Amino acid sequence: MILLLPKIHILAVCVLCHVSNCAAASSSSYSEHLDLTPLPRNNLLASFNFEVYSDPAAENGFRNDGQLFWAHYGLFPRSVGQIVQSTHTHELHLRFTQGWWDAEEWGLLPHNGKYAGGSGVEVWAWIAGESDTQAENRWYELVNGLSGLFCASLNFVDSTRTTPNPISFRPDSNMRSSFLSYPGSGENNTASSDLHLYHGSLPRETVCTENLTPFLKLLPCKGRAGISSLLDGHRIFDSKWQSMALDFVPICDPDSGCRLHMTQKVDVVLDVQRSLQRQHSPIPHPPPTEELQCDRSKPYHSESICFPLPSPEVVDWKLSDIFGLKIKSSCLVDQTCENEASSSSVCTHITPAWRLSREDGTVVSSTPSNACFSLHDSNEFDLFFSTANSTSVSQNDQPPVYIQRSMTGRGQQNGGIQTIIYNPSMTDSVSLIYLESLPWYMKPYIHTMVATLSSADSAPPASPSTSLEQEVIKRTLYRPFLERVRGTYLELKLEVPPESRLTLSYDFDKTLLYLAEYPPDANRGFDVPPGILTVLTKGADGNISYTYALRTSSLLLSLPTPDFSMPYNVIILTSTVMALAFGTVYNILVRRFVYEDDLGEHTPLLQRIKQRIRARFVKQKTPAGSNKSGKVKERTDAEDRGRDKKT
Amino acid sequence: MNELLKVLSLAFAACLALSSVGVHAQQQMVLDNVTLNQFLSDQLAAREGATGNHANNWAVLVSTSRFWFNYRHLANVLSMYRTVKRLGIPDSQIILMLADDVACNPRNAFPGTVYNNADRALDLYSNNIEVDYRGYEVTVDTLLRVLTDKVDPTTTPRSKRLLTDENSNIFIYLTGHGGNEFLKFQDAEEVSAFDLADAFAQMWETKRYHEILFMIDTCQANTMYSKFYSPNVLAVGSSELDESSYSHHADSDVGVAVIDRFTYYNLEFLERVDKGSELTMKDLIESYDPVKIHSHAGVRTDLYKRNLSEVRITDFFGNVQAVEIDEDDDD
């Protein structure tokens, strides 16, 4: 306790030194950034970017020689740090995505698709472990811990939803093997503790405010100040496409040691008209006649006849209308320096047709295509956008490849998957890796896989040639499914020539599951995770790098669903049949039908038993005087025999 | 042949006799009043200090219905969630289980928003919400495991566990579709009143609660608490046997009913309660009007030894600790 006090004192002083000595700090430990890009048809792409660095290893944290202690978290969130530390995770990537990215209208995915996932929740991590089993157990611990932290059902990522070691992912950190050892692991770091990659996805998972809340709570200002104050669930989840990403990567320098880098990104494509309309009234209403903007190119356009434009071209909106809030002050005002580039900034990517102005009325010059504003004072920030031609947007590069995937076939026994990959480039062919993890109840027949190439405009040829397959599919990595243990893992290395369309198709069988394996809403169907397409580029030095990543949509698989009322029906029917059968048999055995005339004196059963017992006793006692009772007995016996004969 | 049939029928009769004995034994489990009171006083005597004050408050709020037309069940639970948070119970001490997602449902005309009133004045799905169990995770198995803490301690995160101790007051609120001694989970399975009673008994044995307030808003809700036999359980239900519980009103823009009657009138009362309020459970029970609720709300107090007029609302709904100020300056 006594020894700790000076340590804490020193640490506190060091923290203050770090903060006040602006010029000495090479990079601030927290920075936030917002990019605004108008898209065609009055959409707006807003990319939020938050980055936090942990303190360098020289002060505390990781050390290269393998010994570690982690005493001071600072701005780095402790909740994620502890989960990652206890499960020996080196790199963690988590994605929450909803919606569909319209690549033809909007072009490249933000950040080249590196921070966008497939619809639902996607998680992949590099985990240190001496054996596969140990690493896999740590993976399950990791996803369970994340499920508690992010309020998502990540605990459903079990062996049936996990893909080990796909080649579509590469670590961001520059260390390839375990350089970190954690307290309690006993030995120093050794090369024997390898890194295992696990990838899991939950395409059915909804993303809502309960996922955004803990995401914001990881930030230093917790979503109350700075750019993060714009993140409101009511607008983010009213978008055409949104993706929240969390990346946790160790960065190691030979001189300054290792630090942990956490990146949080939120990318949203908002419909400007819809957001503006929500400001007025929450219920969609058509605009009044005087506000209609007409399509003047129509032949019948006149004063009285108006064909409204699909999206108006003369627009005028401000940032607080789109998000419903203004940016309140700056996060961590103390941290930024006057002469350095601010760690909190807003940038726009517009064309000269747009005019920007600030709240106080100052008009920003419209000629530069990127106008940036730094937030380093504690005032509110708002930005006005206006234009007479909203169709003029900054040109986004064409994506290197387009992909779409769909299900074919009919019926409940089998079906097919068809994937169409299109290379729009005129000159270059494109190298791709395509990863598909199918659930175990979808049983593909890989021998039915057919790859056909066609030029962009024509339909695929009827009979594909097998040599073509070898040209296009360079390498196949395939691991078949094991029922109820793991799904199919299929990874293809493809090369698509310029301006051509590649159609991949294969057949699969559907499975009838056990009753307990169906979800409560079984008739909806089952979700198949999206396929992940990664574009490879060969650099000048011959190194291959992963330059672009995109995902298909998830698919809805309708499996044969039993009639869930059948157990009840069977029980009722069986019970009825048993009751009827038993009742009939019992009646046949026991019930006697006697003519009324023959019945005579009906003595009840008890009386007859008593008579017989008395008869036997009387017979034993006085054999001489038994004639009378004997006669009675004989008579009853005779009668009994007579009755027996009748039945 | 005749003999064979006779033997078979005798065997069948013997089976029937044995099973009827079994059924008879089951019925004997329901204790009569005298035995129950004796059992309760034995239990309380064995636990010293069981009648003292509580030290912390927890809440387990469960909505068991799936699908868009059961919006009102989720609005019920979210209203209760908002109330207990307002009165001080932190998120770390609330287990919120929502069987479906309506706020970000594509059918919701107000994305990211859940309303419990047609005037849309209050958004229950604000920017600070933590749902511990959602979607397919909400099952009977999960509920009973959470209550009895029979979870895997290595993989279950702390936010998903009910970490109560013997000084915890727990407010348990269930809503959904139910019937005579059962509550339906997600249209696929049911939890019976016996299961819940046994779960509470296990909680008592393992010293996991000081007092429980059990509130249930379903059809024939009062039957759900008829089988409890653990001490210190106060139960409130929305309707009697063979009575349905009804929704209060619908919002034409949302398109479905937004709140149930019993919960609506509970909330009307609870809106008057703040952290320092002296209102008691007796006031709450007396505020139930069968004419307004359209069903006869019931309360079970035979397991609960304290007088309801001495039990504050904040003993269960809030997180108010009794603080003693030490006036002595010498210490």
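No hydrogens, no waters, no symmetry mates; every other heavy atom, side chains included, goes into these values. Just so it is clear: chains get the letters A, B, ... in the order the sequence lines come, proteins before strands, and each one is counted from 1. Note that the structure is a prediction, hence the values are computed from the model and not measured.
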Find the one option among [options] whose heavy-atom pairs under 4.5 Å with chain B are most numerous.
| options | answer |
| --- | --- |
| G148(A), C151(A), P214(A) | C151(A) |
| T213(A), I83(A), L216(A), V590(A) | T213(A) |
| H234(A), E141(A), R204(A) | H234(A) |
| N137(A), N211(A), I236(A) | N211(A) |
| V585(A), L212(A), D232(A) | D232(A) |
| G233(A), S153(A), G145(A) | S153(A) |

Is it the case that the ring center of F323(A) lies less than 6.0 angstrom away from the ring center of F48(A)? yes
Checking F237(A) against chain B: side chain, backbone, both or neither under 4.5 Å from a heavy atom? both
Under 4.5 Å heavy-atom distance to chain B, tell me which part of F156(A) shows up: side chain, backbone, both or neither. side chain
Engaged part of [X] at the chain A interface, taking heavy atoms whose separation is under 4.5 Å:
| X | result |
| --- | --- |
| T139(B) | neither |
| T155(B) | both |
| F67(B) | side chain |

Taking atom types as modelled and ignoring hydrogens, do the side chains of [X] and [Y] form a donor-acceptor contact shorter than 3.5 angstrom?
| X | Y | value |
| --- | --- | --- |
| S147(A) | K160(B) | yes |
| W100(A) | S553(A) | no |
| S119(A) | S554(A) | yes |

Checking N70(B) side chain against R66(B) main chain: does a donor-acceptor pair fall under 3.5 Å? yes
Quick one: which of D152(B), N128(B), L8(B), T156(B) has the most heavy-atom pairs under 4.5 Å with chain A, could you say? N128(B)
Sort by residue number and list every residue of residues 102-121 of chain B having at least one heavy atom under 4.5 Å from chain A. A103(B), C104(B), A109(B), F110(B), P111(B), G112(B), T113(B), R120(B)
By ring-ring contact (aromatic ring centres under 6.0 Å, His included), Y173(B) pairs with (sequence neighbours left out) none
Salt-bridge test for [X] and [Y]: reply yes if a basic N is under 4.0 Å from a carboxylate O, no otherwise.
| X | Y | result |
| --- | --- | --- |
| K85(B) | E130(B) | no |
| E205(A) | R134(B) | yes |
| D141(B) | R145(B) | yes |
| D260(B) | R72(B) | yes |

On a heavy-atom basis, which atom in A152(A) and which in N155(A) lie closest, and how many Å separate them? O-OD1, 4.2 Å
Least distance between heavy atoms, L202(A) atom then L154(A) atom: CD1-CA, 3.9 Å
